[in-house]
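What follows is one structure encoded as structure tokens, with my remarks underneath.
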Amino acid sequence: MKMSKGFYRQLAKTNMKKNGKIYAPYILSVIAAVAMFYIIQSLALNPGFENMLGFNTMNSILTFACWVVRIFLVIFLLYTNSFLIKQRRKEFGVYHMLGLEKKHLAITLFWESLGVLAIGLFAGILFGMLLDKLLYAVLIRMLGFSVPLGFFVSPLAIGRTVLLFVVIMALNYFYDIAQIHATSPIELLHGTDMGEKEPRAKWLLAILGFILLATGYTISLKIEDPVSATAMFFVAVLCVIFGTYLLFTAGSIALLKLLKKKKSFYYKTNHFVSVSGMMYRMKQNAVGLAHICVLSTMVLVMISTTSSMIFSMHDILYTRYPMQNMCYVSGTSRSDDQKMIEAIHQMAKETGCDVKDEIYARGCIIYTRRQGNAFEADATAMGMSAKILFCINLEDYNKSMHTKETLEPGEVLVYAAHEHYGKDTIEIMGQDYRAKEVKKAPCNGILASYMSSEYYIVFPDEAAVEQIAEHIPYQYDDSFNELRSYYGIDIDGNADQQWELYKKIQTYPSANMSSFSVENRKVNEKAINALYGGLFFTGAFLGVLFLIATVLIIYYKQLSEGYDDRKRFHIMQQVGMTHEEVSSAIRSQVLTVFFLPLVTACIHTCFAFPIICRMLSLFNMRNTTLLVACMVGCFVVFGIIYVLVYLMTARTYNRIVQE
């Protein structure tokens, strides 16, 4: 049977118009996906960031986001396409009965796919270009820079976008062809009217899902060390994701089986319809619910976490840089340090401002490993496995913190920067001390920048600190046995005076110092803004992307379920159920389908809270009240959007079922 190429193009065009109810959301999702990917690519390639402080950080974050978006869009569009092809199986069966062979259907699908690709790329890239400048301006303002004039169009971003979506649409096309060729003409003709056998309860998978979920929750609740929490976070995430899918698929079927066996519950009109209806199509239903649950959890966690970081950026900046200028010195005596402090006071006077506040501490740094309350020096303890002790004396502590702490013989003050120490004693290099925990210390900004956990140990006098320093094992070089000094100063002065003082301090180092460095809070503020502003923008961008995906998956799932359930509900009415009873059963099923993922996502987020808190403490974000407020606020906003989606899709579902 020969037909002109124009026939297939016209047939594809007619098919897309005729199936507008299911094709329109799919095309819109492709347009949105193209726009989102072009925007994130264009931002990552924008040369406007190159001359900004913190460019490398911002570029790394955006590059990572590009890969996340790329992987997600492949999975998401393959998933939404599966809904589309499912609803058209009956249509393909009719065409086959009218004389079109499967190869003719393949040609028609090719033109349909090409049409979707062309519309998606043209409209998506155009829409992306319009939004790109706006989002670039928003990001630049978040980073604290002025917005430059001009309009940037990235040919490389366009090329990467075209390439990605050509690959995605090709994968979708080959999947559709495979579905048609693997299905007999009779099966195509019956389409979605083909029933499924009642699924069996897979108890082993259900139990495995419960174990995985419990493991993820346990990791979050039990791990107290922030460094270990960071290392185990992705393990917990994978456990929760796989556990969620197994419980929604195997676990939900097992639960429905149990409900079916309970006659007092099952043999009620609404329960009978809801349970039996979900039973026969639970595999597709459960996978969709699991997708929605995982995406909802991602939205809640990402937006609440990054928003809490951006709102606490001031506190984070002042933890990393507690004073306007911080000096780090080694190889000097206390008298040398005093000369340095006097010289810096003179420099401040020369700039025309007074000293507002200052802190000074002289002590030793020990890299250790911790076992219970014992800290043993270990030269190999670096990075995330290390516990860093900063040992200082009581006099420096009280002067810097404006306190009047006292110590008994054999007693030390302990401050754990990222956690609650919670022990009555502490063992340092084999020596036992009574531990008196305090809530603040003259924080060393450089130590605060490490991923390692740091502890401040305050000894009664300098002799005790020197004794500890003399017994530090060989670490890297002999300078690790030196006492090091940390001096921070705040002045009453404007930005120009602060900058002038910083430049003067940089000229101070004398020959008897092993090392000298100085940090300035204002100088590094832009880099902090780039890191946390970039994380917030990326979190918000991905959150919006996942939210759009959640809404579309809900819509497609409800559309698919509506067509699946329509005939069955008509039969229920024919055997005696009233319109009100059918409507009530529909509401029961829709409510279950919609709000189970939301409730589960809320539970996941609550259990994730402890491990998120510990991870954020490594970024000097310890305001748990703010994090709780951000999570609650995100959940309320997300819940409102979710309810609105429910109201819209429930109406569509009701209309389809009762047609």
Side-chain angles (χ1 to χ4, degrees), residues 29 33 36 64-65 67-83 205-206 208-220 232-253 255 282-306 538-558 560-561 592-609 611-612 615 631 634-635 637-639 641-642 645-646 649:
S29 66
M36 298 288 270
F64 172 76
W67 280 105
V68 173
V69 172
R70 184 182 279 112
I71 294 169
F72 173 76
L73 289 179
V74 172
I75 298 171
F76 170 67
L77 290 176
L78 287 173
Y79 184 75
T80 53
N81 176 70
S82 68
F83 281 113
L205 291 179
L208 178 60
F210 178 80
I211 292 173
L212 286 172
L213 199 62
T215 301
Y217 287 171
T218 302
I219 290 173
S220 178
M232 294 299 293
F233 175 73
F234 292 104
V235 176
V237 168
L238 290 175
C239 285
V240 170
I241 289 175
F242 286 116
T244 299
Y245 277 95
L246 288 176
L247 283 180
F248 269 91
T249 53
S252 59
I253 292 172
L255 177 61
M282 199 57 213
K283 185 176 181 180
Q284 295 92 332
N285 198 19
V287 171
L289 292 176
H291 282 321
I292 295 167
C293 177
V294 171
L295 287 172
S296 300
T297 306
M298 288 180 177
V299 171
L300 293 171
V301 170
M302 281 194 303
I303 295 183
S304 60
T305 301
T306 54
T538 303
F541 186 90
L542 294 178
V544 171
L545 178 62
F546 293 158
L547 179 60
I548 293 172
T550 302
V551 172
L552 287 169
I553 288 175
I554 289 173
Y555 175 81
Y556 271 117
K557 204 188 72 59
Q558 286 304 102
S560 177
E561 288 298 312
T592 302
V593 166
F594 258 82
F595 292 102
L596 182 60
L598 181 62
V599 172
T600 309
C602 180
I603 295 171
H604 287 348
T605 305
C606 291
F607 274 99
F609 179 79
I611 197 170
I612 290 173
M615 289 174 59
M631 282 188 168
C634 287
F635 184 79
V637 174
F638 184 78
I641 296 172
Y642 204 89
V645 173
Y646 161 72
T649 54

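Because the structure is a prediction, the values reported are computed rather than measured.
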Applying the side-chain contact (heavy atoms from CB on, under 4.5 Å) test to Ile548, which of Val544, Val551, Leu545 qualifies? Val544
Does some side-chain heavy atom of Leu73 sit less than 4.5 Å from a side-chain heavy atom of Met36? no
Out of curiosity, Thr605 OG1 to Met298 CE, how far, rounded to the nearest 0.5 Å? 11.5 Å
With under 30° as parallel and over 60° as perpendicular, where do the rings of Tyr642 and Phe638 fit, or are they tilted in between? tilted
Counting N and O atoms only, with roles assigned by atom type, does the side chain of Ser304 sit under 3.5 Å from a partner on the main chain of Val301, one being a donor and the other an acceptor? yes
Nearest 0.5 Å please: distance from the CE atom of Met232 over to the CG atom of Leu238. 10.5 Å
Mark yes when over 12 heavy atoms from residues, nucleotides or ligands other than Phe210 sit less than 6.0 Å from its CZ; otherwise mark no. no
Here the gap from Met615 atom CE to Phe233 atom CZ, rounded to the nearest 0.5 Å, amounts to 5.0 Å
Any side-chain heavy-atom pair of Tyr245 and Val294 under 4.5 Å: yes
Separation of Leu295 CG from Phe546 CZ (nearest 0.5 Å): 6.5 Å
Does Val237 reach the side chain of Ile241, with side-chain heavy atoms less than 4.5 Å apart? yes
Please report the closest heavy-atom contact between Thr550 and Ser296, naming both atoms and the distance. CG2-OG, 4.0 Å
Mind checking whether His604 and Leu300 have side chains closer than 4.5 Å, heavy atoms only? no
Which is it for Val69 and Phe541 under the side-chain contact (heavy atoms from CB on, under 4.5 Å) test, yes or no, and what are the steps along the way? CA-CA 10 Å; Val69 172; Phe541 186 90; 4.1 Å; yes
Mark yes or no for whether Ser220, through its side chain, and Tyr217, through its backbone, hold a donor-acceptor pair below 3.5 Å. no
Quick check: do Leu205 and Thr249 have side-chain heavy atoms less than 4.5 Å from each other? no
If I take atom CD1 from residue Ile641 and atom CG from residue Leu547, how far apart are they, to the nearest 0.5 angstrom? 5.0 Å
Between Leu289 and Pro597 the two heavy atoms that sit nearest each other are CD2-CG, 3.6 Å
Working for side-chain contact (heavy atoms from CB on, under 4.5 Å), residues Val74 and Tyr79: CA-CA 9 Å; Val74 172; Tyr79 184 75; over 6 Å; no
Roughly how far, to the nearest 0.5 Å, is OG1 of Thr218 from CD1 of Ile211? 11.0 Å
Going by heavy atoms in the side chains, are Leu542 and Phe72 under 4.5 Å from each other? no
Any idea which heavy atoms bring Phe248 and Leu596 closest together, and the distance? CE2-CD2, 3.7 Å
When you measure from the side chain of Thr600 to the backbone of Cys293, do you find a donor-acceptor pair of N or O atoms at a distance under 3.5 Å? no
Are Leu77 and Ser29 close enough that some pair of their side-chain heavy atoms sits under 4.5 Å apart? yes
For residues Cys634 and Ile303, report the shortest heavy-atom separation together with the two atoms involved. SG-CG2, 3.5 Å
